[in-house]
Amino acid sequence: MENTNAIVIGGGIIGCAITYYLTKLGIDTILLEKHDLAAGASRANQGYCGAALYKKPLLNLTLASHRLYEELSKELLFDIEFRNTNSLFCISEEYQWPTVKEHLSKSPLKLKILYPDELKEIEPKLSSKLLGAITYSKHSEDYSVNSLKAILSLAYTSKTLGAKIRTFNEVKKIVIKGGKVDSVITNNGRIKANYVVISAGAWSPYLMETVGIKLPVLPQKGQAIVTERFPLSYYQNITDIDYLTTCYDPIKMKESDNPRIQKGIAGGINQTKDGHFIIGTSRTISGFSRRTSLETLAIIASRAIHFIPSLSQLRIIRTFAGIRPFTYDSLPILGEIDEIDGLILATGHGGSGINLAPITGKLISEVITKRKPSINLKDFSFSRSYLKCNNN
Amino acid sequence: MTVNNVEKNIFICRCEDITLEEIEKAIEDGCTTLDEIKQFLRCGMGPCQGRICMPQIAEILSKKTDKPIKDIDFPKIRFPIRPIYLSTLIHKSEKKC
C-alpha cells in the first residue's frame with residue numbers, strides 16, 4: 001500500500017496552500033481532489049483580500065495572511081497578481097450609523113469617515129445619495145489577488161518541490177485505527193498516512209461523517225455578476241457597509257424584514273486587474289446547488305447601481321455562484337481535534353477563504369511539524385465551534 | 001519552420017487574445033482540463049464566454065493529451081447567453097416580480 005506522511009483532501013485554495021507550506025518544510029504530501037483544482041468556492045469569488053471590516057480574532061489572521069501573500073508573490077512560479085487596492089465602504093442608510101460607529105470604535109486599524117462632499121470629490125462615480133463612507137486614513141490594508149492563478153501557482157510550485165497533486169481522486173472514507181488516523185480510501189485505492197487534513201470547504205462534513213463526527217459547517221451560496229471591462233478606477237473596491245451585518249451577524253440577517261438583508265446581499269463591487277467589475281454577493285444557506293437566480297442577481301445589480309449609477313450602462317458577461325463553508329460564528333475551524341489523533345481540520349472559512357489561505361497553510365504546516373503556531377489556534381478550535389453549534 | 005511559427009501565432013481566443021502557442025504551453029505546464037486552461041490563461045472569460053474558442057481548445061487539449069474529445073468536460077455555461085446591460089436585468093426582473 002502507498003504510504004505518505006500527510007494527505008490533504010481538497011484542491012481549493014486552502015488545500016493548495018497547506019500542501020505548499022508542508023512541502024516547503026520537507027513533509028511528503030499528497031493532495032487529493034475529487035474534481036479538478038479550484039472546482040468549488042475557490043473559483044467563484046472576487047479575489048478580494050480585505051481587512052477594514054474584519055474584527056478580531058479574524059483580523060489577526062487576515063493581516064498575517066497579507067504578509068504571507070507578499071512573500072508568495074515572490075516565491076511562487078507564476079505571478080498571482082497580488083496588489084494593494086483602495087477601498088470605500090459606503091454608508092447609504094441612516095440605520096447603518098450605529099453599526100459603523102461601533103466598528104470604528106473597536107477596530108485597531110486606522111480608519112476614517114468621509115462625508116458626501118469629500119466623497120464626491122475623490123470618487124465622482126459614486127451616487128450623490130450616499131451618506132458617507134469608511135476608508136483607510138493612510139495606507140490601505142486591502143488587497144486583491146487573482147485567486148485562480150494563486151491556486152494553480154501554489155499547486156504547480158508544490159509539485160516542483162515534490163508534492164503529489166492528484167485531481168479526480170475522490171476520498172470515499174478515512175480509516176481510523178485505535179483512535180488514530182490510519183489511511184484513506186479513494187476511487188484509486190488506499191493510501192496510508194500519519195496525518196490527514198480535511199480542507200474540502202463546504203464538502204468537509206461529508207468526510208467527517210466517514211469517521212462518525214458531525215461537523216457544524218453549512219453550505220452557503222454566494223452569487224455574483226461579472227461585467228465587461230472598464231478603465232481602472234482608483235477605488236477598486238466599493239463595498240456596502242451592510243456587509244458588517246450579512247457577514248458577521250447571521251441572526252440579525254435572519255430576523256431582518258428587508259429581503260435584501262435576508263438574502264445576505266451586501267455588495268462588494270470589485271474591479272479586477274483586467275478591468276472587469278465583479279459585483280457580489282449574496283449569502284444564503286440553500287443546499288449545494290450552484291444555480292444562479294434572476295431574482296437575487298437583480299437585487300445585487302440594483303444595489304450596485306444604487307452606489308455607482310453609471311454601472312447600469314455596463315454589460316453583464318457572466319454570473320456565477322459558489323458554495324462557501326459557513327460556520328455559526330463566522331470563524332474558520334483550524335487544527336487538530338481531540339477525538340482522533342492525526343486528523344486535522346482547515347475549513348469553515350466562509351467568504352474569506354482566498355483571504356485566509358496563506359496563513360491557514362502556514363498554521364497547519366506548523367501543527368503537523370509540531371512547531372509553535374504563529375497565531376494561537378484556541379479561537380479557531382473544533383471544540384469551540386462544536387459547543388456553539390450545540391448551544392444553538 | 002516559418003509556417004509553423006505562423007500557425008503558433010494564430011489567435012484561438014479572440015476576446016482575450018490567446019494564441020495556440022500559449023494554450024499548448026499551458027497544457028505542457030500541467031493544465032489537464034478546459035477549466036484549468038481557462039483559469040490560467042483567461043481564454044473563454046471575455047464577452048463570448050468561450051462560445052467561439054472552447055470547441056477549438058477542446059480539440060487542442062484532446063490532441064495534446066491523447067484523450068478522446070467526448071471525454072473532455074466543457075466549462076459550465078451561465079446566464080446571460082449574450083451580454084446584457086445591468087439595467088436590463090433589473091428591468092426584466094421587476095416586470096417578472
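Protein chains get the first letters and strands the later ones, always in sequence-line order, with residue 1 at the start of each.
Distance alone, capped at 3.5 Å, places no donor-acceptor pair between the A:Ser312 side chain and the B:Ser87 backbone.
In this structure the side chain of A:Ile317 reaches within 4.5 angstrom of the side chain of B:Gln49, judged on heavy atoms. Put simply, the side chain of A:Leu311 does not reach to within 4.5 Å of the side chain of B:Tyr85, judged on heavy atoms.
Between B:Glu36 and A:Arg43 there is no salt bridge, since none of the side-chain N atoms of the basic residue sits less than 4.0 Å from a carboxylate O of the acidic one.
Taken from SG in B:Cys15 to CZ in A:Arg229, the straight-line distance is 9.0 Å, to the nearest 0.5 Å. To the nearest 0.5 Å, the span separating CZ on B:Phe40 from OG on A:Ser153 amounts to 7.5 Å. Taken to the nearest 0.5 Å, the NZ atom of B:Lys76 stands 8.0 Å off from the CZ atom of A:Arg291. Here the CG atom belonging to B:Leu86 is positioned 10.5 Å from the CD1 atom belonging to A:Ile308, to the nearest 0.5 angstrom.
More than 12 heavy atoms of other residues, nucleotides or ligands sit less than 6.0 Å from atom CZ of A:Arg83. The neighbour count for A:Lys129 NZ, taken as heavy atoms of other residues, nucleotides or ligands under 6.0 Å away, does not exceed 12. For B:Lys64, the NZ atom sits in a packed shell: over 12 heavy atoms of surrounding residues, nucleotides or ligands are nearer than 6.0 Å. Environment of CZ in B:Arg82: sparse, with no more than 12 heavy atoms of neighbouring residues, nucleotides or ligands closer than 6.0 Å.
Chosen from A:Thr227, A:Val226, A:Asp274, the residue pairing most often with chain B at heavy-atom distances under 4.5 Å is A:Asp274. Chain B forms more heavy-atom pairs under 4.5 Å with one residue of A:Ile279, A:Leu37, A:Ile151, A:Thr167 than with any other, namely A:Leu37. Options A:Ile165, A:Leu148, A:Asn146 differ in how many heavy-atom pairs under 4.5 Å they form with chain B, and the most are formed by A:Leu148. Of the listed residues (B:Asp35, B:Asp29, B:Thr32, B:Asp73), the one with the most heavy-atom contacts under 4.5 Å to chain A is B:Asp35.
Looking at A:Ala321, the atoms closer than 4.5 Å to chain B (heavy atoms on both sides) sit in the backbone and in the side chain alike. Looking at A:Ala155, there are no atoms closer than 4.5 Å to chain B (heavy atoms on both sides), in backbone or side chain. At a 4.5 Å heavy-atom cutoff, the contact between A:Ile316 and chain B is made by backbone and side-chain atoms alike. The parts of B:Cys31 that come within reach of chain A are both its backbone and its side chain, each placing non-hydrogen atoms under 4.5 angstrom from that chain.
Nearest approach of A:His276 to B:Met45, heavy atoms of both residues: CE1-O, 4.1 Å. The two residues A:Arg315 and B:Pro83 come nearest to each other via the heavy atoms CD-CB, 3.9 Å.
Partner of B:Leu89 under the side chain to side chain contact (heavy atoms under 4.5 Å, CB included) criterion, chosen from A:Thr319, A:Ile300, A:Leu297: A:Leu297.
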